[in-house]
Chemist: 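One structure, as structure tokens, below. Some questions next.
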Amino acid sequence: MVKKAGVLGATGSVGQRFILLLAEHPDFELHVLGASPRSAGKQYKDAVQWKQTDLLPENAQKIIVSECKAEAFKDCDIVFSGLDADYAGPIEKEFVEAGLVVVSNAKNYRREPGVPLIVPIVNSEHLSVIERKLAVAKAEGKSKPGYIICISNCSTAGLVAPLKPLIDAFGPIDALTATTLQAISGAGFSPGVPGMDVLDNIIPYIGGEEEKLEWESKKILGNLTKDGTDFAPLSNDEMKVSAQCNRVAVIDGHTECISFRFAKHPAPSVAQVKKVLSEYVCEATKLGCHSAPKQTIHVLEQQDRPQPRLDRNRDNGYGVSVGRIREDAVLDFKMVVLSHNTIIGAAGAGVLIAEILKAKDMI
Ligand SMILES: NC(=O)C1=CN([C@@H]2O[C@H](COP(=O)(O)OP(=O)(O)OC[C@H]3O[C@@H](n4cnc5c(N)ncnc54)[C@H](OP(=O)(O)O)[C@@H]3O)[C@@H](O)[C@H]2O)C=CC1
Ligand SMILES: N[C@@H](CC(=O)OP(=O)(O)O)C(=O)O
């Protein structure tokens, strides 16, 4: 059965991606769109400043934008949030308390106990915390409770994608450095990055970003607590992470130059690393989810790849590209990772999570 979807923050950079990804989706239909009071009451086509290279889908154009109040979304089976983090906190809380399922791109609840922080091609098994909650409510004869699932920071998504299969195959990584080259779509549209700042330039600072990479990677690559009700992020002793983040004049696609060391030695060979990455199949693909990448990680052999313009749309933006895999003189390995920041780093991750929830009968 097709599920009714709501989108909060539908007019923004992430919200517009949700519209594109959901407009012709076989499992979901656009039901309610929400944005700020400035946009509410207008037809979506008049409220939005459409900035995508694909045309605004016809079935979204005439939807009247709602205020972000749970009452307006009460018939939705799932609500995707691309809200500005300054406003997401109380709005998403109200939705969950009203019994709604929220999949959010905003940072507000990522560190909250019991809230899964998901990169769907990496740690979908962390959704078991919610499955458990739903099973307990059912066993107690209660109605399905609302819940929130957080999508990670967009550069964190690219960072952890190749690390997960490597940790599964070769054991823990105890030291990791990442230098990012992040696209301007990551900064959103209101106000966004001015052309005068970014053209012919690189900005070596993105507020709060380095801390997010350093913390979120530890929750995503960490474990569940023994009772399965919460998360046990890796400690700094288990995995030290150091990130440096830069904004570059690319529209979509975050590039990251990463180096890392395995805790156990001798380390694997470059050929073993490439084999594990190429053979990795994420759970969403195994479940047959509509948007799941055919190839989760693309290992590129050309010496000048990945490149954002050429590689960001692999597997429709749901796949991650990794190139220049080689030994590192300081840590064990270095490589370049590219991921589409508004697809697998944001809206696409939300859609893929929803497909997994549907496949597991959680919505
Ligand atoms: N861009 C990216 O690559 C990524 C973004 N994120 C996160 O996703 C979220 C959205 O980011 P992004 O799309 O870039 O941001 P934008 O600034 O482009 O969009 C923000 C959205 O929030 C809405 N909004 C603003 N104020 C209010 C309000 N008072 N009440 C209700 N809605 C409001 C806006 O509506 P209106 O048009 O009416 O003002 C707009 O729809 C953020 O939390 C961001 O940190 C996460 C990962 C990646
Ligand atoms: N900060 C990211 C996008 C983003 O909004 O991330 P977060 O959801 O973690 O705040 C970027 O600028 O590319």
Side-chain angles (χ1 to χ4, degrees), residues 6-20 33-42 44-52 65-70 72-73 79-92 94-95 102-111 117-119 150-159 180-193 198 203-217 219-220 243 245-248 250-256 308 312 317 339-350:
V7 180
L8 294 166
T11 49
S13 172
V14 171
Q16 292 185 22
R17 272 286 166 202
F18 273 125
I19 300 299
L20 280 178
L33 306 183
S36 78
R38 295 179 292 279
S39 303
K42 296 180 185 165
Y44 183 69
K45 68 178 169 52
D46 299 323
V48 71
Q49 286 198 5
W50 189 253
K51 292 188 199 285
Q52 310 300 316
V65 176
S66 300
E67 282 204 45
C68 297
K69 298 269 194 294
F73 289 72
V79 178
F80 299 96
S81 171
L83 281 172
D84 182 327
D86 286 349
Y87 306 98
I91 295 173
E92 293 176 355
E94 188 213 339
F95 275 56
V102 178
V103 178
S104 176
N105 276 283
K107 65 183 175 190
N108 307 60
Y109 295 106
R110 290 179 189 159
R111 295 182 184 223
L117 178 58
I118 302 292
V119 178
C150 289
I151 298 162
S152 80
N153 164 270
C154 42
S155 33
T156 306
L159 174 66
T180 72
L181 308 159
Q182 297 184 217
I184 55 175
S185 59
F189 294 160
S190 47
V193 184
V198 79
I203 303 166
Y205 175 71
I206 301 174
E209 194 78 355
E210 293 167 357
E211 294 78 3
K212 282 185 255 182
L213 273 151
E214 290 170 6
W215 191 85
E216 292 183 16
S217 55
K219 180 166 177 178
I220 295 162
C245 297
N246 303 281
R247 185 75 69 201
V248 298
V250 164
I251 292 178
D252 286 321
H254 286 355
T255 303
E256 304 179 48
R312 64 191 167 209
S339 57
H340 197 304
N341 56 301
T342 63
I343 302 184
I344 196 57

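Just so you know, ligand 1 is whichever comes first in the structure, and atom 1 is the first atom listed for that ligand.
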Chemist: Under 4.0 Å from any heavy atom of Ala85, which atoms of ligand 1 are there?
Modeler: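 Those atoms are 43 (O).
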Chemist: Is atom 44 (C) of ligand 1 touching the protein, meaning some protein heavy atom lies under 4.0 Å away?
Modeler: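 Given the 4.0 Å cut-off, atom 44 (C) of ligand 1 does not count as touching protein heavy atoms.
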Chemist: Nearest protein heavy atom to atom 15 (O) of ligand 1, by residue and atom, and its distance?
Modeler: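 Protein heavy atom at minimum distance: Gly188 CA, 4.0 Å.
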Chemist: Pull out every atom of ligand 1 sitting under 4.0 Å from any heavy atom of Thr342, numbered as shown with elements.
Modeler: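 What qualifies from ligand 1 is 3 (O).
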Chemist: Suppose I only count heavy atoms of His254 and a 4.0 Å limit; which atoms of ligand 2 are within that range?
Modeler: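 Close to His254: 13 (O).
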Chemist: Just need the protein heavy atom nearest to atom 16 (P) of ligand 1, so name the residue and atom and give the distance.
Modeler: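 Atom 16 (P) of ligand 1 sits closest to the protein heavy atom Phe189 N, 3.7 Å.
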Chemist: Show your working on side chain to side chain contact (heavy atoms under 4.5 Å, CB included) between Ile184 and Arg247 and close with a plain yes or no.
Modeler: CA-CA 7 Å; Ile184 55 175; Arg247 185 75 69 201; 4.1 Å; yes
Chemist: May I ask you to check if ligand 1 and Gly9 share an N or O to N or O distance below 3.5 Å?
Modeler: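 Yes; at least one N/O pair falls below 3.5 Å.
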Chemist: Does ligand 2 have any atom that is closer than 4.0 Å to a heavy atom of Cys154?
Modeler: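 Cys154 counts as a contact of ligand 2 under the 4.0 Å cut-off.
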Chemist: For ligand 2, which atoms sit closer than 4.0 Å to a heavy atom of Ile206?
Modeler: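 Counting atoms of ligand 2 from 1, those under 4.0 Å from Ile206 are 12 (O).
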Chemist: Ligand 1 versus Ser190, non-hydrogen atoms closer than 4.0 Å: side chain, backbone, both, neither?
Modeler: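 The answer is both, backbone and side chain.
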Chemist: Select the closest option to atom 12 (O) of ligand 2 among Arg247, Lys212, Lys107, judged by heavy-atom distance.
Modeler: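 Of the listed residues, Arg247 has the closest heavy atom.
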Chemist: Taking atom 39 (O) of ligand 1 as the point of reference, which of Gln182, Arg38, Lys69 owns the nearest heavy atom?
Modeler: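 Selected option, by shortest heavy-atom distance: Arg38.
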Chemist: Which ligand 1 atoms does Ala106 reach within 4.0 Å, using its non-hydrogen atoms?
Modeler: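 That gives atoms 43 (O) of ligand 1.
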Chemist: Could you list the atoms of ligand 1 found under 4.0 angstrom from a heavy atom of Ala35?
Modeler: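 Near Ala35, meaning under 4.0 Å from one of its heavy atoms, ligand 1 has 31 (C), 32 (N), 35 (O), 38 (O).
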Chemist: In terms of atom number and element, which parts of ligand 1 are under 4.0 angstrom from non-hydrogen atoms of Gly345?
Modeler: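 In order of numbering, the contacting atoms are 47 (C), 48 (C).
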Chemist: Where do Lys219 and Arg110 land on the side chain to side chain contact (heavy atoms under 4.5 Å, CB included) test, with the steps shown first?
Modeler: CA-CA 9 Å; Lys219 180 166 177 178; Arg110 290 179 189 159; 5.9 Å; no
Chemist: With only distance considered, is Lys107 within less than 3.5 Å of ligand 1 through an N or O on each side?
Modeler: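 No; every N/O pair is 3.5 Å or more apart.
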Chemist: Quick one: do the Thr180 and Glu209 side chains pair a donor with an acceptor below 3.5 Å?
Modeler: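 No pair is found: no donor N or O on one side chain lies under 3.5 Å from an acceptor on the other.
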Chemist: For atom 46 (C) of ligand 1, which candidate among Asp84, Leu33, Asn105 holds the nearest heavy atom?
Modeler: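 The option holding the nearest heavy atom is Asn105.
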Chemist: Who's the nearest protein heavy-atom neighbour of atom 37 (O) of ligand 1, and how far?
Modeler: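 Sorting protein heavy atoms by distance from atom 37 (O) of ligand 1 puts Thr11 OG1, 2.5 Å first.
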Chemist: Nearest non-hydrogen contact with atom 9 (O) of ligand 2 belongs to which option: Arg110, Glu209, Glu216?
Modeler: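 Result: the heavy atom closest to atom 9 (O) of ligand 2 is in Arg110.
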Chemist: Go through ligand 2 atom by atom and flag the ones less than 4.0 Å from a non-hydrogen atom of Asn153.
Modeler: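 Taking each heavy atom of Asn153 in turn, ligand 2 has 6 (O), 7 (P), 9 (O) under 4.0 Å.
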Chemist: Among Val14, Leu83, Leu8, whose heavy atom sits nearest atom 42 (C) of ligand 1?
Modeler: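 Among Val14, Leu83, Leu8, the closest heavy atom to atom 42 (C) of ligand 1 belongs to Leu83.
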Chemist: Of the backbone atoms (N, CA, C, O) and the side-chain heavy atoms from C-beta on, which set of Tyr87 has a member under 4.0 Å from an atom of ligand 1: side chain, backbone, both, or neither?
Modeler: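 Only the side chain of Tyr87 comes within reach of ligand 1.
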Chemist: So, is Ser39 polar-close to ligand 1, with some N/O to N/O distance under 3.5 Å?
Modeler: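 Min N/O separation from ligand 1 is below 3.5 Å for Ser39.
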Chemist: With heavy-atom distances below 4.5 Å as the criterion, would you say the side chains of Leu181 and Val250 are in contact?
Modeler: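 They are not in contact (no side-chain heavy atoms under 4.5 Å apart), so the answer is no.
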Chemist: For ligand 1, is Asn153 a contact, meaning one of its heavy atoms is under 4.0 Å away?
Modeler: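 For ligand 1, residue contact (heavy atoms, under 4.0 Å) with Asn153 is absent.
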Chemist: Regarding atom 31 (C) of ligand 1: of the candidates Ser104, Ser36, Ala10, which has the closest heavy atom?
Modeler: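 Shortest heavy-atom distance from atom 31 (C) of ligand 1: Ser36.
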Chemist: With under 30° as parallel and over 60° as perpendicular, where do the rings of Phe18 and Phe80 fit, or are they tilted in between?
Modeler: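 Rings of Phe18 and Phe80: tilted, 30 to 60°.
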Chemist: Please determine if Ala187 has a nitrogen or oxygen closer than 3.5 Å to a nitrogen or oxygen of ligand 1.
Modeler: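 In fact, backbone or side chain, Ala187 has no N or O that close.
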Chemist: For atom 22 (O) of ligand 1, is the nearest protein heavy atom under 4.0 Å away?
Modeler: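 Yes, there is one.
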Chemist: Relative to the heavy atoms of Gly186, which atoms of ligand 2 are at a distance of less than 4.0 Å?
Modeler: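 The atoms of ligand 2 under 4.0 Å from a heavy atom of Gly186 are 2 (C), 3 (C), 4 (C), 5 (O), 11 (C), 12 (O), 13 (O).
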Chemist: Which ligand 2 atoms are under 4.0 Å away from a heavy-atom of Asn105?
Modeler: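 Under 4.0 Å from Asn105, ligand 2 has these atoms: 8 (O).
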Chemist: Measuring from non-hydrogen atoms of Ser185 to any atom of ligand 1, is the shortest distance under 4.0 Å?
Modeler: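 Heavy atoms of Ser185 do come under 4.0 Å of ligand 1.
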Chemist: In terms of residue, atom name and distance, what is the protein heavy atom nearest to atom 10 (C) of ligand 1?
Modeler: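 Checked against all protein heavy atoms, atom 10 (C) of ligand 1 sits closest to Gly82 O, 3.1 Å.
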Chemist: Between Leu33 and Ile19, is any pair of side-chain heavy atoms under 4.5 Å apart?
Modeler: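 Heavy-atom side-chain distance check passes, below 4.5 Å.
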Chemist: Looking only at N/O atoms, are Gly12 and ligand 1 under 3.5 Å apart anywhere?
Modeler: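 Yes - when backbone and side-chain N and O of Gly12 are compared with those of ligand 1, one distance drops under 3.5 Å.
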